[in-house]
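Order of appearance sets the numbers: ligands from 1, and atoms from 1 within every ligand.
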Amino acid sequence: MSYNLCDYNEVNKILKKYGFTFSKAMGQNFLINPDVCPAMAQELGADEHTGVLEIGPGIGVLTKELCKVAGKVVAVELDKRLYPVLEDTLSECDNFELVCGDVMELDLSEIINTHFDGMTSVKVCANLPYYITSPIIMTLLESEFAIDEIVVMVQKEAAERLCAEMGTRKAGAVTAAVRYYGVSEVLFEVGRESFMPSPKVDSAVIKITLSSSDEFEIEDKKAFFALVRAAFSQRRKTLVNSLSSAMPYSKGDVTNALKKIGLSESVRAEKMTMEDFVALTKILSEQADGK
Ligand code: SAM
């Protein structure tokens with residue numbers, strides 16, 4: 001049977017049929033605006049040779065659109081109560097596969113490598129559960145999976161951070177990761193009334209295009225990201241204070257290192273560019289090695 005998953009009454013009927021009630025803890029706000037999912041699917045630039053990994057299909061409103069544009073869609077869903085619903089709502093999609101489980105615990109690399117056999121590219125598309133937006137995006141970036149693009153809906157504030165310029169107030173540790181692994185842009189905003197139930201905040205769809213270019217010469221990625229995370233973990237503090245309290249460096253070590261790259265000892269994380277963080281990581285490591 002073909003359902004209109006953007007029709008409020010029809011969705012209510014489906015939910016009632018399966019005795020489904022929304023879980024706030026699982027970030028369940030289902031899209032109901034008929035324009036959003038086709039627009040997200042279109043942004044992927046997918047074709048019959050493209051595999052799409054979706055995180056959190058809900059009742060399948062976005063999944064259905066992805067199945068129209070891609071060769072294969074694999075969706076990971078945590079909530080067991082949605083499995084029979086998806087079997088029903090996506091019964092006509094023969095290029096869809098459901099993977100049951102928690103996206104934060106499953107071996108995504110294995111899923112990408114085994115489920116998209118024969119596809120020439122793999123992209124991620126999702127209306128992300130907001131409570132784990134940053135961890136999911138960090139995993140997708142840092143694990144260096146064989147994916148080339150991420151088109152996701154996130155809270156508007158998260159979108160601004162993910163697409164901010166380094167060295168500006170909106171930047172955070174996740175901004176540095178996005179900047180290192182690719183290029184990001186806000187595609188369009190989506191008001192809270194587009195969801196069922198309506199969340200308290202607005203959202204935005206962003207695109208991250210992953211690249212393998214070595215724009216930044218980072219010798220020790222682990223040390224670089226540890227430093228960036230420590231710097232932004234107490235963003236109101238000066239770098240001297242945040243790094244000396246969260247990392248094995250003294251205030252003197254950090255002050256000296258900042259001086260060597262021409263930065264003031266009162267500088268805060270949000271004023272640092274990628275190049276500043278790269279240089280600071282290098283100097284602090286050298287100082288620690290006694291070079
Ligand atoms: N894609 C649907 C839509 O746009 O209407 C649902 C989006 S809803 C914001 C988030 C979805 O992620 C829900 O279906 C929820 O059950 C699922 N989810 C929450 N936590 C998850 C996790 N850890 N792993 C996989 N799916 C999860």
Side-chain angles (χ1 to χ4, degrees), residues 3-8 10-12 14-15 18-44 52-70 73-90 93 96-108 111-112 115 123-140 143 150-156 158-159 187-206:
Y3 294 102
N4 179 355
L5 299 177
C6 293
D7 182 286
Y8 193 88
E10 201 160 331
V11 172
N12 255 332
I14 298 170
L15 300 182
Y18 289 93
F20 181 86
T21 49
F22 292 97
S23 156
K24 234 182 175 175
M26 280 193 262
Q28 289 174 342
N29 300 96
F30 296 167
L31 269 162
I32 199 95
N33 178 333
D35 298 328
V36 176
C37 295
M40 286 178 76
Q42 220 49 53
E43 281 296 341
L44 281 177
V52 179
L53 175 68
E54 187 189 3
I55 296 158
I59 60 167
V61 62
L62 174 61
T63 327
K64 222 174 162 182
E65 296 302 321
L66 296 174
C67 286
K68 288 182 196 166
V69 298
V73 179
V74 175
V76 175
E77 175 58 60
L78 173 64
D79 190 345
K80 289 188 179 72
R81 300 172 307 155
L82 289 167
Y83 304 162
V85 185
L86 285 163
E87 201 175 314
D88 184 359
T89 57
L90 300 179
C93 302
F96 165 70
E97 219 174 282
L98 177 66
V99 174
C100 306
D102 185 335
V103 69
M104 297 310 294
E105 283 171 14
L106 288 164
D107 183 347
L108 291 184
I111 292 173
I112 291 165
H115 289 253
K123 299 167 191 286
V124 172
C125 190
N127 170 14
L128 287 178
Y130 294 161
Y131 73 105
I132 42 171
T133 298
S134 281
I136 292 177
I137 292 190
M138 289 304 276
T139 303
L140 292 174
S143 310
I150 302 171
V151 173
V152 283
M153 167 111 59
V154 298
Q155 277 190 19
K156 202 175 147 201
L187 296 176
F188 52 89
E189 292 183 8
V190 179
R192 62 196 75 185
E193 67 288 348
S194 296
F195 301 88
M196 178 184 180
S198 253
K200 288 199 175 74
V201 290
D202 294 319
S203 299
V205 175
I206 63 161

Counting heavy atoms under 4.0 Å, the part of Leu82 that contacts ligand 1 is side chain
Identify, for atom 24 (N) of ligand 1, the protein heavy atom at the shortest distance, and state residue, atom and that distance.
-> Val103 N, 3.0 Å
Which one holds for Leu62 and ligand 1: side chain close, backbone close, both close, or neither close, with close meaning a heavy atom under 4.0 Å?
-> neither
Just need the protein heavy atom nearest to atom 5 (O) of ligand 1, so name the residue and atom and give the distance.
-> Leu31 N, 2.8 Å
Distance filter under 4.0 Å to Asp102 heavy atoms, resulting ligand 1 atoms | 22 (C), 23 (N), 24 (N)
Which residue and heavy atom of the protein sit nearest atom 26 (N) of ligand 1, plus the separation | Leu78 N, 3.3 Å
State, yes or no, whether a side-chain contact exists between Val190 and Asn127 at a heavy-atom distance under 4.5 Å.
-> no
A student checking ligand 1 against Gln28 at a 4.0 Å heavy-atom cut-off should list atoms 13 (C), 15 (C), 16 (O)
For the residue pair Phe22 and Phe30, does the interplanar ring angle fall in the parallel (under 30°), tilted (30 to 60°) or perpendicular (over 60°) class?
-> perpendicular
Does Asp79 reach ligand 1 with a nitrogen or oxygen that is under 3.5 Å from one of the ligand's nitrogen or oxygen atoms?
-> no
Heavy-atom closest contact (Cys6 atom, Val61 atom, distance) = SG-CG2, 3.7 Å
Could you tell me whether Asp202 and Arg192 have a side-chain N and a carboxylate O separated by less than 4.0 Å?
-> yes
For the side-chain contact (heavy atoms from CB on, under 4.5 Å) test, which of Leu31, Leu128, Thr133 pairs with Met153?
-> Leu31
For atom 4 (O) of ligand 1, what is the nearest protein heavy atom, given as residue, atom name and distance?
-> Asn127 ND2, 2.8 Å
Atoms of ligand 1 less than 4.0 Å from Gly27 heavy atoms?
-> 8 (S), 9 (C), 10 (C)
Considering only non-hydrogen protein atoms, determine which one is nearest to atom 17 (C) of ligand 1 and report residue, atom name and distance to 0.1 Å.
-> Glu77 OE2, 3.4 Å
At under 4.0 Å between heavy atoms, which part of Tyr130 makes contact with ligand 1: side chain, backbone, both or neither?
-> neither
4.5 Å side-chain heavy-atom contact, Glu65 and Pro38 | yes
For ligand 1, which atoms have a heavy atom of Val76 less than 4.0 angstrom away?
-> 25 (C), 26 (N)
At a 4.0 Å cut-off, with the gap strictly under it, does some heavy atom of Tyr131 reach an atom of ligand 1?
-> yes
Side chains of Phe195 and Asn33 in contact at under 4.5 Å (non-hydrogen atoms) = no
Results of side chain to side chain contact (heavy atoms under 4.5 Å, CB included) for Glu10 - residues two or more places apart only = Tyr3, Asn4, Asp7
Would you give the length of the straight line joining atom OG1 of Thr63 to atom CD of Glu97, rounded to the nearest 0.5 angstrom?
-> 13.0 Å
How would you list, by chain and number, every residue that makes a side chain to side chain contact (heavy atoms under 4.5 Å, CB included) with Ser23, sequence neighbours excluded?
-> Ala25, Met26, Gln28, Arg81
Counting heavy atoms under 4.0 Å, the part of Pro57 that contacts ligand 1 is backbone
Side-chain contact test, heavy atoms from C-beta onward, threshold under 4.5 Å: evaluate it for Leu62 versus Leu66 and give yes or no.
-> yes
Would you kindly specify which portion of Glu54 sits under 4.0 Å from ligand 1, judged on non-hydrogen atoms: side chain, backbone, both or neither?
-> side chain
Which atoms of ligand 1 sit under 4.0 Å from any heavy atom of Ile132?
-> 23 (N)
Judged by heavy atoms only, the candidate from Gly58, Gly56, Ser203, Cys6 nearest atom 1 (N) of ligand 1 is Gly56
Cys67 versus Phe96, closest heavy-atom pair with distance = SG-CB, 3.8 Å
Atoms of ligand 1 under 4.0 Å from any heavy atom of Gly101, numbered from 1 in the order shown, are 24 (N), 25 (C)
